[in-house]
Structure formats: C-alpha cells, structure tokens
Amino acid sequence: MSGTHKPMERFDHNAREALADGRLRSALRKATGQFGERRRAAIEDFGAEEWQALRERGRALKDEALASLDVLLERFASRATAAGTRVHWARDAREACEVVAGIATAAGAKAVVKAKSMTTEELRLDEHLTQRGFESVETDLGEWIVQLAGEVPSHIIVPAIHRSKESIAELFHEHLGTDPGADVIALTAAARQALRTRFLAADLGISGVNFAVAETGSILILENEGNARLTTTLPRVHVAVMGIEKVIARLADLPVFLRLLPRAGTGQRLTSYQSLLTGPGGRGGGEGPRELHVVILDNGRSRMLSRAVTRQALACIRCGACLNVCPVYQNVGGHAYGSVYPGPIGAVITPQLAGLGRGAALPFASTLCGACRDVCPVAIDIPALLLDLRAEVVAQPKPARRLERLAFALWSFVVRGRRRFEFATAFARFAQRFLITGDRIRSGPMALGVWTKGRDLRPLAKDSFRALWERGLKDEGTPR
Amino acid sequence: MSDAARRTVLGAIRHHLREARSAGDELPAVREAGRGPPPRIGEREDLVREFATRLGAVGGVAWRVAGIDGAADCVASIAAELGATRIALSDAPLVRALRGRLPASATLVEVADRDAIASCELGITSAQAAIAETGTLVLDAGMERHRLASLLPRVHVALVPVELLVADLDAAFAAYATREVPAAITLVTGPSRTADIELTLVVGVHGPQALHVVLIDGA
Ligand code: SF4
C-alpha cells in the first residue's frame, strides 16, 4: 500500500511504485470511471449546448474577476470587515500558518476541527498546528481515515480510495474499538459518533473557501457530508483560508458556478450543502461562531497573473474532473504526484506555486491527450499550459538533457527530408523484426530500452500509407 | 504584519496585471450586471412537481398537506414512526404552532444550547425558500434560528408554505438583491451523504440521515 508523503521530484519513481500496486490501480479505475460516467450523464441531462454556454459564462466571469483581482479583493475585504469578519493577508504558506496559529492562540483554543480544504493542505497547516501543540482533526470521512492511518489522500474526492473496507474496519477496530468485521454503514456510523464528540468539544474550526463574493463579503463552502456545516457552526472561532483567486464579483454569479462545479466534479446537480457565510453568526446570542476570520493567501498565485497562459490556471474551481479523465492519473493516482494538487491541473499549478525547481517532472506526466481540456467546466486549456511549462523546464540548462536534445535534433533533421525519412522508416521496418514479440515491441536496445521499460511500442505497419496509396488505395473509398 | 502582507499581496497582483496589460493582453472589465438568463418563473404546480422529483432523486421525501393542521398530522406521524423522544424546534411561528400537536411522550427542545439540540432525534424548522430546479431548501439564519436544529438531529423536517417555492437558483439569489445578506444562508439538498469508503453511497454521515419537506397549502 502506498500512502505516505512522496517527494514530488520523484514522479517517475512514485508512478512505478503506484503502477505495481494492483489494488490501488483497480480502485482508481473504478473511482475515476464512475465519476466520469456520472459527469457525462449529468451534462447530457443538462443539455450539451447549454453546458457549453454555461462553461463559457463561468470562464468569462472568472476572467473578469481575475482581471480586476485587486479591486475585488479590496471590496471583499471591506464588505467582510463591515459584516464583522476579521480579514488577514498572507504572502506565503509560512505566514498563513503563523496567522492561523496566532488566531488559535489568541482564542485560547486547544481542539481544532478541520473541514476538507486543499488550500490548507497546500500550507501543511496540520503539521504546523500539531507542532504548536494544537490537536487538529480532519472531519471529512475520507480525510479522517487517511489521517488516522498516517497517510495522505490518493484521490481528491475520495481521499481513502486506496484502502479497502476491510482495511478501514481494521483501522477503526484499532482506534475506536469497533467490530473488525464492520460493514460500510457501521463504519460510517462509528465515524459520525467519534467525530461528533470532537465537533462538540472543538474551540476552533478551519475550512477552505470555494467562492468569495466581493459584493457582499461572503464566503461559500460546498460539501456533501455536513462536516463543513458543523465546522463552521459549532466552534467559537471559525477560520477560513482562501487563495486570492477565489473571489468573484457578485452574489448573482454564484448560480453559474453552483451548476458547473458539482456536475463536473461528482455528476451531482448540487452537492447536499452550501454554506454562504457573511460575518460571525454567534454574536448577540445567535447561532454560529463568535469570531470569523478569513485568511487571503498569495503563495505564488499573483505571479501567474502576468501571462495569459498561466493566468487561466487561476480560473480553476477545483472540481476534479480533469483528474478523473486523465489516463496518467487513472493509473498512478494522487500519491505519485507528491503534491497536494495532483492530476493535470496539479501538474500545472504545483511547479508554479512551488517554483520550477520543485515539481519540474510534473508537466511531463501527461500524454497531452486533451481530455482534461474537454471536461474542464471553466474551459482551461491545460495541455497548452503543460507545453508552456515544459518549454520552460527544457530551457533550463541541465547536462542530463543532452542526449534528449541530440535525439530530437536528429529527429527534426530526418523528418524534414522526404528521402531521409523514407530511408529511416525502411531501416526501422527492417530492424524491428528482431524486436517484435506478439504484436508489440516490448523491449529494445539502449535508449529505446529505457523507453519501453514502462510501455509497449506499436511496430510500424508493414507498408507505409504512401505505398498502399500507390498500390491502388487511391481508387477505393472515394467520397460519395 | 497583516498590513504589510496586505500591501505586498495587492501590490504583487497590480504589478503582474500591469505586466499582462503591457504585454498586450486584453483584460476584460467586470460588467455591472450579472450575465445569466433572468430567473425562471414557473406555474406553482409545475414547481411543486419538479421540487418533489428533485428531492426524491437525492433521497429526501416531499409531503404535501393542507394548512397547519395537515402539517401537524404529518409531522406527528413522522415523529411517531421514528419513536422520537426529544424533538428540537426552531423559533419560526410556523414551527411554534406545532406545540401541543406533537406526540405527548416527546420532550420539546426550544431555543436551546447545542448539546440539548444534539441529543434530539428530530429537528423541525421552516425554510425561507425552496428551489424547484434542484430540490433545495434555503435556510436564512437572519429570519429563523435553525442552523443547529436542521443539522444536529438524525432527522430533519422542514415546513415550507408552497408560496415560497421558486423556480431556480437564480431566483433564490435574486431575492438578496433587495434584502440584507444574513450571517448564514444554508442551502440544503437532501440528507447528508458520503461515498468515501469504497465508493459505497451511505446516506447520513455528519448531517441528518433523513430529510422530510412538508409543503403546506394555505399555511
Ligand atoms: S482545471 Fe481541472 S479541477 Fe480545475 S476546474 Fe478545470 S477540470 Fe476542474
């Protein structure tokens, strides 16, 4: 079982490990397949044309918001402040962690409950809080399982997909004393009970933010389990952490995103709950926290604004659709990326947030098949971004790339002359006879051998298209 | 520290947006009005049907009753079937009107602290709107004290006069163009759910396991 932190530089190594894990692969296939199916059904039900129009509207709203990000963030901050929210700003992860720890200390908090949030994972906020002596519990069922086991999520929507129910029953038996043979319903009930106690005892709740509305100073959180509602209602203090890109202009824009996000992510018309929070509800004897803090985080995002190709990545609404359709992600899962943001969008965002020194392998972890672009509810051209980042990585001098450059230079020389190309393919046709096993080339000499270690190669066809054409194909199948 | 951070973050955003503009990127301005289609308006009966279908599709139950008496009977039978011994009530007049009409054996918990509400099997609230498009309840915490009563008990019953049905999400949000946005608006679509263990759908995890919406004519 692969489940602990992986350094992201080792994508190739991690991926190989993941590929060897048969259980993980079949679980991933099932999950990604199911979400893909549901998304397709939901969109069909919505109407393909209407969906297209909705995507464009969603993207346009995001583009407008990004183009006026400074104005909208200031508007958000001032309206939120007027509603009683305390707004904080953080340049990077360290600063954001300090802010949250500071709030927790000032509030005299001990027990912390967390609702699933990728941004707080990006900050490694859990680690930071634990080091500072706070006890922080993940409350999303999947995240909690992963936390109990000391692992990291393998899928963004189903974080514990790498674990069988038997192994979860075993884990709960160890930690909660439940029946080791408990079924899924009993396990869920046990989790509800154990976490309910934690919720009632917690002083501080931490959540992410799906959308922040500039017009009203509100934050919106989507979920299915109810743990985010509990996290944002029960503890005395609620801290919400958001990236700068989460802000949108108006309340009236929300329906567009509420229609896009659940359909693309899980194929739902709407998730079970949306909480739109504007100021602390618990003042003056009302229900809800007495303090609401919002931490606005940059951490490498603002520099993505400067170019159109990178700016579009900030339109991402974190639905997860691109992960589920990605042939690479379907096979290796979230662990291999060694980063909070896996899959196609993760491969794009990670190197930008963390800097190109880290995560430089990730832009290459893609076949550029374009499936991610086709499903993205805000029409982000992820393949274009990946190519852009690849170009940047390759432009960095690195001796190990000499062989690769030589190979591409040779390739470019060969394909630019018809004679050279015909000669080369004729030679390859002859040489491949010695390498074909069954109907594939499964291993080869030298550089080819390295390549075929993880893949099979289709041999060249017996005759080229040109030869078939000359031999009479041109007389067949003329358009009627 | 926070003010320095604020200035740096906003400064960085402005700097990079300026860079984009000078590279010739066209950055669209925020339009004044929303760009969605206008909220849909539907016939009452169509909305009721659509709401019930949508709610049913996510595992909620819709009831339709006449007047407050019909609502009381409906809630009483849900409570009896559940064998509820403690029932949390919100402070809405519609919910208060149920006092005296619920099973006498049950303890009614009103405007209570969270532990008291957490110990109830059933929570009864009203809602400020219901959305046909998605089978969704709109709980506006500025109008009713129902954040916990709709969340902590195993079963949530919401009383909704049919006049409060709106066609779609746009209509629900449009209502706040002229109304103050309260500390919390919660949209509720069916019971809580998870598929985190082997993708097996389990209804009822942290939030309620069952949701009943009682649509009332002539409330
Ligand atoms: S980039 Fe991926 S996660 Fe982001 S909105 Fe598009 S499909 Fe969803």
Side-chain angles (χ1 to χ4, degrees), chain A residues 30-31 34 57 63-64 67-70 88-91 95 141-142 158 160 164-165 168 184-185 187-188 192 200 216 218 224-227 229-230 233-234 244 249-256 258 269-270 272-281 286-288 298 302-303 305-308, chain B residues 1-2 5-6 8-10 12-17 19-20 23 25 27-31 34-36 54 58 114-115 118 134 136 141 145 147-148 151 168-170 173-174 176-177 181-200 202 204-208:
Chain A
K30 191 171 154 206
Q34 198 175 93
R57 204 154 68 234
D63 282 348
E64 288 174 16
S68 301
L69 198 54
D70 52 335
H88 310 259
W89 302 74
R91 284 165 280 208
E95 200 164 74
L141 178 57
V158 214
S164 67
K165 61 174 181 288
I168 294 167
V184 177
I185 292 179
L187 292 171
T188 307
R192 172 187 165 107
L200 289 167
T216 54
S218 316
N224 277 308
E225 293 189 359
N227 62 315
R229 287 178 72 190
L230 289 163
T233 311
L234 286 176
I244 52 171
R250 286 168 298 258
L251 203 59
D253 299 341
L254 278 177
V256 174
L258 290 181
R269 278 175 175 255
L270 201 56
S272 302
Y273 305 124
Q274 289 78 38
S275 303
L276 183 75
L277 305 171
T278 315
E287 292 178 316
D298 185 340
S302 60
R303 63 166 167 256
L305 288 166
S306 61
R307 293 192 307 134
Chain B
M1 177 180 82
S2 191
R6 175 178 166 276
T8 315
V9 173
L10 286 170
I13 292 171
R14 287 188 192 115
H15 169 77
H16 290 290
L17 284 175
E19 246 178 33
D25 283 9
L27 298 182
V30 175
R31 305 196 187 184
R35 38 168 78 219
R54 287 295 142 225
V58 292
R114 55 198 213 169
D115 294 308
T134 45
T136 302
R145 191 185 175 88
R147 277 179 90 172
L148 296 177
L151 176 61
D168 57 15
L169 288 158
D170 302 284
F173 282 101
Y176 290 93
V181 178
I185 299 173
T186 312
L187 304 188
V188 174
T189 309
S192 77
R193 55 182 57 228
T194 185
D196 273 355
I197 302 178
E198 289 195 353
L199 296 173
T200 310
V202 178
V205 47
H206 294 297

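Residue numbering restarts at 1 for every chain, and letters A, B, ... go by the order of the sequence lines. Values in this document were obtained by computation on a predicted structure and should not be read as measured data.
- For the set B/Val58, B/Leu151, B/Thr186, B/Thr136, the entry with the most heavy-atom pairs within less than 4.5 Å of chain A is B/Leu151.
- Checked against salt bridge (Lys or Arg N to Asp or Glu O under 4.0 Å), B/Glu198 has the following partners two or more places apart in sequence or in another chain: A/Lys165.
- When heavy atoms are compared at a cutoff of 4.5 Å, B/Ala12 approaches chain A by way of both its backbone and its side chain.
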- Item | A/Glu225/B/Thr194 under side chain to side chain donor-acceptor pair (under 3.5 Å): CA gap, chis, key distance, verdict | CA-CA 6 Å; A/Glu225 293 189 359; B/Thr194 185; 2.8 Å; yes
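- In this structure, chain B has heavy atoms under 4.5 Å from both the backbone and the side chain of A/Thr233.
- The part of A/Ala249 that comes within reach of chain B is its side chain, from C-beta onward, which places non-hydrogen atoms under 4.5 angstrom from that chain.
- Proximity of a side-chain donor or acceptor of B/Asp196 to a complementary backbone N or O of A/Val158 within less than 3.5 Å is not detected.
- Contacts between B/Ala141 and chain A at a heavy-atom distance below 4.5 Å are absent for every atom of the residue.
- Per-residue counts of heavy-atom pairs under 4.5 Å with chain A were compared for B/His15, B/Glu19, B/Arg54; the largest is that of B/Arg54.
- The two residues B/Ala5 and A/Glu95 make their nearest non-hydrogen contact at CB-OE1, 3.3 Å.
- Side-chain atoms of A/Arg192 come within 3.5 Å of backbone atoms of B/Gly207 as a donor-acceptor pair (strictly under, hydrogens ignored).
- With a 4.5 angstrom heavy-atom cutoff, A/Leu141 touches chain B via backbone and side-chain atoms both.
- To the nearest 0.5 Å, atoms CG (A/Leu251) and CZ (B/Phe173) are separated by 5.5 Å.
- The shortest side-chain heavy-atom distance between B/Val181 and A/Ser218 falls under the 4.5 Å cut-off.
- Looking at A/Arg307, only its backbone comes within 4.5 Å of chain B, counting heavy atoms on both sides.
- Residues passing the salt bridge (Lys or Arg N to Asp or Glu O under 4.0 Å) test with B/Arg14, sequence neighbours excluded: A/Asp70, A/Glu74.
- No other option in A/Ile168, A/Asp63, A/Leu276 has as many heavy-atom pairs under 4.5 Å with chain B as A/Leu276.
- Using a 4.5 Å cut-off between heavy atoms, A/Leu234 contacts chain B through both its backbone and its side chain.
- Closest of all the heavy-atom pairs between B/Ala184 and A/Leu277 is CB-CD2, 3.8 Å.
- Here CG of A/Leu305 is found 7.5 Å from NE2 of B/His16. Values are rounded to the nearest 0.5 Å.
- Pairing each heavy atom of B/Leu17 with each of A/Ala67, the nearest pair is CD1-O, 3.6 Å.
- A donor-acceptor distance shorter than 3.5 angstrom exists from the side chain of B/Arg114 to the backbone of A/Leu200, with no hydrogens or angles considered.
- The two residues B/Asp170 and A/Pro255 come nearest to each other via the heavy atoms OD1-CB, 3.4 Å.
- Closest heavy-atom contact between A/Ser272 and B/Pro191: OG-O, 3.4 Å.
- Both the backbone and the side chain of B/Pro208 come within less than 4.5 Å of a heavy atom in chain A.
- Taking chain A as the reference chain and counting heavy-atom pairs below 4.5 Å, the highest number among B/Thr134, B/Ile185, B/Leu27 is found for B/Ile185.
- Contact check for B/Leu10 versus A/Trp89: side-chain heavy atoms found under the 4.5 Å cut-off.
- Looking at B/Val188, the atoms closer than 4.5 Å to chain A (heavy atoms on both sides) sit in the backbone and in the side chain alike.
- Of all the listed residues (B/Thr189, B/Thr200, B/Asp115), the one sharing the greatest number of non-hydrogen pairs under 4.5 Å with chain A is B/Thr189.
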